[in-house]
Participant: 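Handing you this structure, nothing more for now.
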Amino acid sequence: MPPVFAHGRLRLYLLKLLDEAPRHGYEVIRLLEERFQGLYAPSAGTVYPRLAKLEAEGLVTHATEGGRKVYSITDAGRAELAGRGGELADLELEIRESVSELAAEIRDDVRGAAGALRREMLAEASATQTRVEDESWKAAKEEMRRARHEWKEQARRAKDESRRAREEAQQARRQAKEAQERAREEVSRLAAQLQEQLAKSGGMLGSLAGSWLGGGSAGAGGWGGAAAGAAGPGEAPRAAAGGAPAPEAADWAADVPRTGDPVRDLDRLLDRFRDGVRDAARDHGVTAAQLEEAHAHLAAAAAGIAAALKPSR
């Protein structure tokens with residue numbers, strides 16, 4: 001007889017049965033026998049050790065009811081079952097094939113028994129023509145008729161089970177595909193949500209610009225002074241509005257090397273500016289008042305820099 005379950009597949013099918021409803025060990029055995037239309041029934045020595053191993057792995061748990069252990073699947077067991085949806089669908093097909101093979105073996109056994117019985121009855125009929133032998137022959141014919149009927153009934157049940165297994169496998173594939181689609185949608189939703197959060201966080205990063213570049217207590221005028229003191233390409237930093245040197249402007253980004261390409265050097269300075277503001281926001285946090293103040297600072301700085309970059313007439 002070919003194996004009904006390949007290696008490790010009975011374990012997966014037990015998780016499926018427990019995912020349908022909590023069950024005790026004998027109920028699991030009886031349910032397997034029903035699924036195979038009586039063609040296969042695992043022994044207690046097959047089922048109970050596997051249930052115990054599943055419990056040891058944290059995939060199932062049990063509660064005692066009426067002196068019996070009733071097993072239930074855990075969240076970890078459901079997670080493994082969901083992650084092996086495709087394998088479960090293949091298992092349903094394997095079960096269908098196993099049922100067909102078992103039915104074929106039974107059919108062959110019935111045919112062999114019927115053939116042997118017919119040969120025996122023919123030999124007995126040839127040896128004697130007595131009434132008793134005639135009655136025996138009739139009984140044998142009736143037995144053969146019953147055997148053929150039983151074989152047809154078993155074949156019908158195997159065919160029905162095969163059809164149901166095929167339908168369940170198709171349904172399992174559809175469910176697995178739907179689960180994958182839902183997972184992709186959830187990933188897309190989370191990615192969009194993360195992008196939205198990053199966009200919101202990006203709007204808050206400028207709140208500490210005054211603290212980092214122009215001094216946390218400086219107003220919009222301080223930023224205007226920093227903008228006024230910005231140097232052109234290759235020039236030394238200009239003085240602030242009051243004529244005094246701007247130490248912050250002079251020291252800021254002094255470690256950023258110049259490449260000789262003004263556009264590239266400006267990109268580097270902007271990157272340094274953005275990183276500094278972002279680090280300050282991350283370290284100190286941002287309040288609503290700081291956000292408004294940073295908005296004003298950034299507007300003034302943007303206007304000053306844009307004016308500095310305009311070609312002189």
Side-chain angles (χ1 to χ4, degrees), residues 1-21 23-51 68 71 87-174:
M1 177 183 295
V4 176
F5 290 97
H7 179 69
R9 294 300 181 88
L10 177 57
R11 175 179 181 274
L12 179 60
Y13 203 70
L14 290 177
L15 286 176
K16 176 184 183 299
L17 295 180
L18 294 179
D19 185 50
E20 296 174 358
R23 310 178 193 279
H24 53 74
Y26 175 77
E27 187 179 4
V28 171
I29 295 173
R30 181 181 56 78
L31 187 58
L32 282 170
E33 185 175 7
E34 289 178 1
R35 295 286 171 92
F36 283 87
Q37 293 293 318
L39 300 178
Y40 166 75
S43 64
T46 299
V47 171
Y48 281 98
R50 283 172 171 81
L51 290 174
R68 288 182 173 181
Y71 293 89
E87 187 177 354
L88 184 59
D90 293 337
L91 176 58
E92 296 287 353
L93 291 178
E94 291 178 7
I95 291 175
R96 177 177 59 83
E97 293 173 358
S98 296
V99 170
S100 299
E101 291 175 2
L102 289 172
E105 287 192 1
I106 293 174
R107 183 172 61 250
D108 293 338
D109 291 343
V110 171
R111 285 178 176 174
L117 183 59
R118 175 178 292 181
R119 288 190 297 272
E120 181 180 348
M121 292 300 100
L122 288 174
E124 184 176 354
S126 300
T128 177
Q129 298 295 322
T130 63
R131 182 176 179 277
V132 175
E133 290 171 339
D134 187 53
E135 290 296 328
S136 298
W137 172 242
K138 290 180 180 180
K141 287 177 63 177
E142 180 63 21
E143 182 65 25
M144 290 173 60
R145 184 191 66 79
R146 287 195 298 269
R148 283 196 299 269
H149 176 75
E150 180 64 22
W151 169 76
K152 289 180 180 179
E153 185 64 20
Q154 291 178 350
R156 182 190 64 79
R157 290 198 300 266
K159 184 177 180 181
D160 291 343
E161 178 63 23
S162 176
R163 177 182 55 80
R164 284 193 295 270
R166 185 167 56 253
E167 292 173 353
E168 291 177 358
Q170 292 172 352
Q171 182 180 4
R173 284 198 179 94
R174 286 195 299 270

Participant: Please identify each residue that fulfils side chain to side chain contact (heavy atoms under 4.5 Å, CB included) with A89, with sequence neighbours left out.
Facilitator: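 Scan of A89 (side chain to side chain contact (heavy atoms under 4.5 Å, CB included), adjacent residues dropped) gives A172, R173.
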Participant: To the nearest 0.5 Å, how far apart are CZ in R157 and NZ in K152?
Facilitator: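 Output value for this atom pair is 14.5 Å.
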Participant: Less than 4.0 Å between a side-chain N and a carboxylate O, is that true for E20 and K16?
Facilitator: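 Salt bridge flag = yes for E20 with K16.
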Participant: Taking only residues two or more places apart in sequence or in another chain, which ones pass side chain to side chain contact (heavy atoms under 4.5 Å, CB included) with A44?
Facilitator: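 Here the qualifying residues are I29, Y48.
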Participant: Can you list everything that forms a side chain to side chain contact (heavy atoms under 4.5 Å, CB included) with E33? Sequence neighbours excluded, please.
Facilitator: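 Checked E33 against side chain to side chain contact (heavy atoms under 4.5 Å, CB included); matches are A41.
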Participant: Minimum heavy-atom separation for P42 and L32, please, with both atom names.
Facilitator: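 Heavy atoms only, the tightest pair is CG-CD1, 3.3 Å.
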Participant: Considering only NZ, NE, NH1 and NH2 on the basic side and carboxylate oxygens on the acidic side, decide whether E153 and R156 come within less than 4.0 Å.
Facilitator: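 The answer is yes: the pair qualifies as a salt bridge.
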Participant: In chain order, what residues pass the side chain to side chain contact (heavy atoms under 4.5 Å, CB included) check against R50, with sequence neighbours excluded?
Facilitator: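 With sequence neighbours excluded, R50 shows a side chain to side chain contact (heavy atoms under 4.5 Å, CB included) to L10, L14, T46, given in chain and number order.
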Participant: Considering residues at least two apart in sequence or located in another chain, which fulfil the side chain to side chain donor-acceptor pair (under 3.5 Å) criterion with Q171?
Facilitator: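 For Q171, no residue satisfies side chain to side chain donor-acceptor pair (under 3.5 Å) once neighbours in sequence are set aside.
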Participant: Working note: E143 + R146, criterion salt bridge (charged side-chain N to carboxylate O under 4.0 Å, His left out); need CA distance, chi angles, decisive distance, verdict.
Facilitator: CA-CA 5 Å; E143 182 65 25; R146 287 195 298 269; 2.4 Å; yes
Participant: Listed by chain and number, what are the side chain to side chain donor-acceptor pair (under 3.5 Å) partners of R166, not counting sequence neighbours?
Facilitator: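 If we apply the side chain to side chain donor-acceptor pair (under 3.5 Å) test to R166, skipping adjacent residues, there are no hits.
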Participant: Would you call E142 and K138 a salt bridge, using N to O less than 4.0 angstrom?
Facilitator: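 Salt bridge between E142 and K138, a charged N being under 4.0 Å from a carboxylate O: no.
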Participant: Going from CG on L51 to CZ on R11, what distance comes out if it is rounded to the nearest 0.5 angstrom?
Facilitator: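 Interatomic distance, L51 CG to R11 CZ, rounded to 0.5 Å: 11.5 Å.
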Participant: Kindly indicate, with the supporting measurements, whether the criterion salt bridge (charged side-chain N to carboxylate O under 4.0 Å, His left out) is fulfilled by R30 and E34.
Facilitator: CA-CA 6 Å; R30 181 181 56 78; E34 289 178 1; 2.6 Å; yes
